[in-house]
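The structure under discussion appears below in the form of structure tokens.
Throughout, protein chains are lettered first and strands after them, A, B, ... in sequence-line order, and every chain is numbered starting at 1. All values derive from a computational prediction rather than experimental measurement.
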There are 4 protein chains.
Amino acid sequence: MQPFRLFAPEVASLGKSARTRAQLMDAAIAVFARHGIEAASVNEIARAAGVANGTFYVHFRDKDEMASVVSLALAAEIARQLDEDMRDVDCAIQRIVCATRRFLQISSEQPPLGWAFLKACQALPDLRYQVGVYMRQDIARGVRQGVFTEPVDDFLIDCVGGLVLSALLSCLSGTSAADAGPRTVEMQLRLLGVDSQAAKAASRQALDPLIG
Amino acid sequence: MQPFRLFAPEVASLGKSARTRAQLMDAAIAVFARHGIEAASVNEIARAAGVANGTFYVHFRDKDEMASVVSLALAAEIARQLDEDMRDVDCAIQRIVCATRRFLQISSEQPPLGWAFLKACQALPDLRYQVGVYMRQDIARGVRQGVFTEPVDDFLIDCVGGLVLSALLSCLSGTSAADAGPRTVEMQLRLLGVDSQAAKAASRQALDPLIG
Amino acid sequence: MQPFRLFAPEVASLGKSARTRAQLMDAAIAVFARHGIEAASVNEIARAAGVANGTFYVHFRDKDEMASVVSLALAAEIARQLDEDMRDVDCAIQRIVCATRRFLQISSEQPPLGWAFLKACQALPDLRYQVGVYMRQDIARGVRQGVFTEPVDDFLIDCVGGLVLSALLSCLSGTSAADAGPRTVEMQLRLLGVDSQAAKAASRQALDPLIG
Amino acid sequence: MQPFRLFAPEVASLGKSARTRAQLMDAAIAVFARHGIEAASVNEIARAAGVANGTFYVHFRDKDEMASVVSLALAAEIARQLDEDMRDVDCAIQRIVCATRRFLQISSEQPPLGWAFLKACQALPDLRYQVGVYMRQDIARGVRQGVFTEPVDDFLIDCVGGLVLSALLSCLSGTSAADAGPRTVEMQLRLLGVDSQAAKAASRQALDPLIG
DNA sequence: TATGAATGAGGATTCATTCAT
DNA sequence: AATGAATGAATCCTCATTCAT
């Protein structure tokens, strides 16, 4: 019925209310992915979640609040997965390589998730800001480690973030090559000031087999 | 009443009908800039143009057609200005430098134009494709001239285009530094495979005084 | 507020939703009767039903679906009444006499119902077909009983049906005589091949006192 | 461009203004036939006539007036053709046979004309009345000649007229048999009180070869 | 909590009609 | 007479939101 599941667990580990809320959020992601955030209708989300439309307002004040909650939760969930993968990685380059490739993998292998994230980033400045904060940590770490020479400011973050989202869009649109992950990382490292050869080498290095 | 003027000339050099159409298009750009293309309402566009709602349909079949016409015309107008500036420039790097800095200048100095273009690119894949075709010419020229080492494919174009749009968004959001133009060019050249120092040098070189 | 009641029962024997739906259907019949089906506006129907315009779409997908639902329900309701009256009548001539006179009585005594039915028949070929199927049963029965000599085909059904509707129109227009029922039956029987005298005799015979 | 021509002569025998008016009337018939009178739009009629929409109002006060003018002219034109065919026929039965068969022939061989006439009769009581006046003449003649036994009143006229229109509808809908003309006449004569055998004989008699 | 009918403002679109040229 | 752009009321329909159950 509802093929996409991120927040609603299979087992009934949550209370009924929390489960309904999670179903609504998963449904919202699927609908946002299909129609974009503005065009998504509360009725369609409720229908996709298998609940009555009125139930929506039991869990969210209005559509805007839900968009914000869902988008932030989506970003947090992605960040959680990336952090988990990089728990023990100290090298900033490694972290960038890992995070970016893993991010592209996750979001292009689950198109609803990828599209929803992409469209949410386009629609919600708050979300872009949040993502920027997250990226800035690793980039700042690279500066401290002396591997990134570019001065870190909002503009750089905006551009690096925009590059990754562009790559994601390209992947989701289906026109892009198979090695989009490494190529994106390579470009990203170049933007950060890593020299060309080092960027290429780092971007192509083997990752945990889980990661493409 | 309507501060933004791109298509509607001050003088009555067009017939009355053409003038009304141009007013609608200018109004559309202003409204697209404020609310995005999807959320723009025909009534608001007509009101902004100072005509009755029915008049919209004298000039455009429906909202979608107008969005497409306006966006393409907007892109064509920008391209026309850029081409004019670069009429005699042969060097691909020079052309990229010039086009990108000029583009950012034009579109961030006229926020309605910039926002409208940005949102149009997000909403209309056709427009993105058009813009890609335009950019690809100069990039291919650079490859022929031996200055860009990166292989040119759709993915590269998507990323380079995305980078420039990200820079524009950053500028329009008002958070970015004054040297966004040169910095964007520098990043762009790096993505294309120009080495770091040459990129920095080229991006900072003096342009025609008109260009910032 | 709404003088015509066919589907909405006085008592609250239906759920609230079903009652609203029935009110809309009754209102639709009244409006169809006044303006015809094509010219009837959803807003006017909703207003006549005493509900908000949006409520219309809670109960019907769109105007066309409602027109079809209402018309078929109207025809079914009329057919139900006729069938009830003729439950025990076997003779085809009797059935025709009874059905036609009763039909004219019902629909000319309740002009909204009559007009709505008439206009629905003009606008909806499906409804005409339905009515034709219904009429054909009794006519075929008459052929089996050897009292109708005319061969039964679509053209005959179309003509007999058209005759009855013409009679109804004449009644509703107010120009016609009091004995429209018997005269219509007589003509109808003649069309079916009953000879003139028998037709006149049968058409004038006494019916249940309820029936005029 | 405009396949249907009734009022606009090929040759320029009329003044320019009269020609434009005639073109509009022909176009109106075609459009009425396609969409019905209510749904026909002035713009579509003007377009079909090959003139600007404003021109419509040079020739007609408004849409209703045009509908009335066109319908009446259409009926008059048909009547003129029938009268021409029957100029020398005195026998009422002959006249009915001839008029009805010829009418069905004309209007089913030129579907735009047939549909327009049919829909006009449904929409405009005035037209129905006019047609009734015309039919009544021949029917009254039959009564004087002693061949029709049925008393002539509005109700009879309505029913006989309705029968012929039903037959036309059946023909235009394409479901009806080839001998619709004779069968319609036969039914019509029965309605008027002619006995069955005489009706059949008269209805099948040979007509002028032109007439089917 | 959950429901789902009801609401009514708002959006896209059509169209009869007017009027300056 | 003819034009065709302009008008704005009216139409169908959607949708976020509310509320009684």
Side-chain angles (χ1 to χ4, degrees), chain A residues 15-21 24 38-47 49-66, chain B residues 15-21 24 38-46 49-64 66, chain C residues 15-21 24 38-46 49-64 66, chain D residues 15-21 24 38-47 49-66:
Chain A
K16 180 138 179 295
S17 174
R19 212 161 61 243
T20 301
R21 184 182 163 96
L24 279 164
E38 314 271 329
S41 90
V42 170
N43 274 16
E44 187 174 359
I45 293 171
R47 196 175 343 113
V51 301
N53 59 9
T55 304
F56 183 96
Y57 292 89
V58 173
H59 295 277
F60 303 97
R61 183 151 26 86
D62 57 25
K63 206 184 113 177
D64 284 354
E65 194 219 33
M66 155 169 257
Chain B
K16 181 143 177 295
S17 174
R19 214 160 59 243
T20 301
R21 185 183 163 97
L24 279 165
E38 317 271 329
S41 95
V42 169
N43 276 18
E44 186 174 359
I45 293 172
V51 300
N53 54 12
T55 304
F56 183 96
Y57 294 90
V58 174
H59 295 278
F60 303 97
R61 184 148 23 88
D62 57 23
K63 212 183 93 172
D64 283 355
M66 152 165 263
Chain C
K16 182 144 176 292
S17 174
R19 215 160 56 243
T20 302
R21 185 183 164 97
L24 279 165
E38 317 271 328
S41 94
V42 169
N43 276 17
E44 186 174 359
I45 293 171
V51 299
N53 54 14
T55 303
F56 182 95
Y57 295 93
V58 174
H59 294 278
F60 302 97
R61 183 145 25 87
D62 57 25
K63 211 182 93 172
D64 283 356
M66 154 165 261
Chain D
K16 181 138 178 297
S17 174
R19 212 163 59 245
T20 301
R21 185 182 162 95
L24 279 164
E38 314 271 329
S41 90
V42 169
N43 274 17
E44 186 174 0
I45 292 170
R47 194 175 345 114
V51 301
N53 58 9
T55 303
F56 182 97
Y57 291 88
V58 173
H59 295 277
F60 303 97
R61 180 151 29 84
D62 59 23
K63 209 184 109 177
D64 283 354
E65 193 219 36
M66 155 170 257

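For the side chain to side chain contact (heavy atoms under 4.5 Å, CB included) test with D/V51, the passing option among D/I45, D/L24, D/V58 is D/L24; the others fail.
The shortest non-hydrogen separation linking B/A52 to B/A46 is O-CB, 3.9 Å. Across D/D62 and D/Y57, no two heavy atoms sit closer than the pair CA-CE2, 4.0 Å.
Taken to the nearest 0.5 Å, the CD atom of D/E65 stands 12.0 Å off from the NE2 atom of D/H59. Between the CE atom of B/M66 and the NZ atom of B/K63 there is a distance of 11.0 Å, given to the nearest 0.5 Å.
Computed from coordinates, the B/M66 CE to E/dA12 C1' distance equals 14 Å when rounded to whole Å. Rounded to whole Å, the distance from CD on D/E38 to C1' on E/dC15 is 14 Å. Atoms CZ (C/F56) and P (E/dG8) sit 17 Å apart, rounded to a whole Å. Between the P atom of F/dA16 and the NZ atom of A/K63 lies a distance of 5 Å, rounded to the nearest Å. Between the P atom of F/dG4 and the CZ atom of B/R21 lies a distance of 17 Å, rounded to the nearest Å. Distance D/N43 CG to E/dT18 C1': 13 Å, rounded to the nearest Å. In this entry the distance linking CD1 of B/I45 with P of E/dT13 reads 11 Å, nearest Å. Atom CD of C/E44 and atom C1' of F/dC12 are 14 Å apart (whole Å).
Set against F/dT17, E/dA16, F/dC13, the side chain of C/D62 has F/dC13 as its closest nucleotide. Among the nucleotides E/dG4, F/dT17, E/dT7, the one closest to the side chain of C/V51 is E/dT7. Distances were taken from every side-chain heavy atom of A/V42 (C-beta onward) to each of E/dA12, E/dT17, F/dT17; the shortest belongs to F/dT17. For D/V58, the side-chain atoms get nearest to F/dT3 when compared with the rest of E/dA16, F/dC12, F/dT3.
In terms of polar N and O atoms assigned as donor or acceptor, the side chain of D/N53 never comes within less than 3.5 Å of the base of F/dA2 in a complementary pairing.
At a threshold of 4.0 angstrom between heavy atoms, the contacts of B/A46 with the nucleic acid are absent. When heavy atoms are screened at a 4.0 angstrom cut-off, D/T55 is found touching base atoms of the nucleic acid. When heavy atoms are screened at a 4.0 angstrom cut-off, C/A18 is found touching no nucleic acid atom at all. Note on C/A39: nothing from the nucleic acid sits closer than 4.0 angstrom, heavy atoms only.
Residue A/T20 places at least one side-chain N or O closer than 4.0 Å to OP1 or OP2 of E/dA2. Taking side-chain N and O atoms only, B/Y57 has no distance below 4.0 Å to OP1 or OP2 of E/dT14.
Of the residues near DNA chain E, C/G54 and B/G54, the one whose nearest nucleotide (by heavy atom distance) lies more toward the 5' end is C/G54. When the nearest nucleotides of DNA chain F are assigned to B/K16 and A/D64 by heavy-atom distance, the more 5′-ward of the two goes with B/K16. Heavy-atom distances to DNA chain F give each of D/S17 and B/H59 a nearest nucleotide, and the one nearer the 5′ end belongs to D/S17.
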| field | Strand DNA chain E as a dot-bracket string - pairs counted if Watson-Crick or G-U with both distances under 3.5 Å, | where the partner lies in another strand | value | .||||||||||||||||||||
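The environment of D/E44 atom CD is dense: over 12 non-hydrogen atoms of other residues, nucleotides or ligands sit within 6.0 angstrom.
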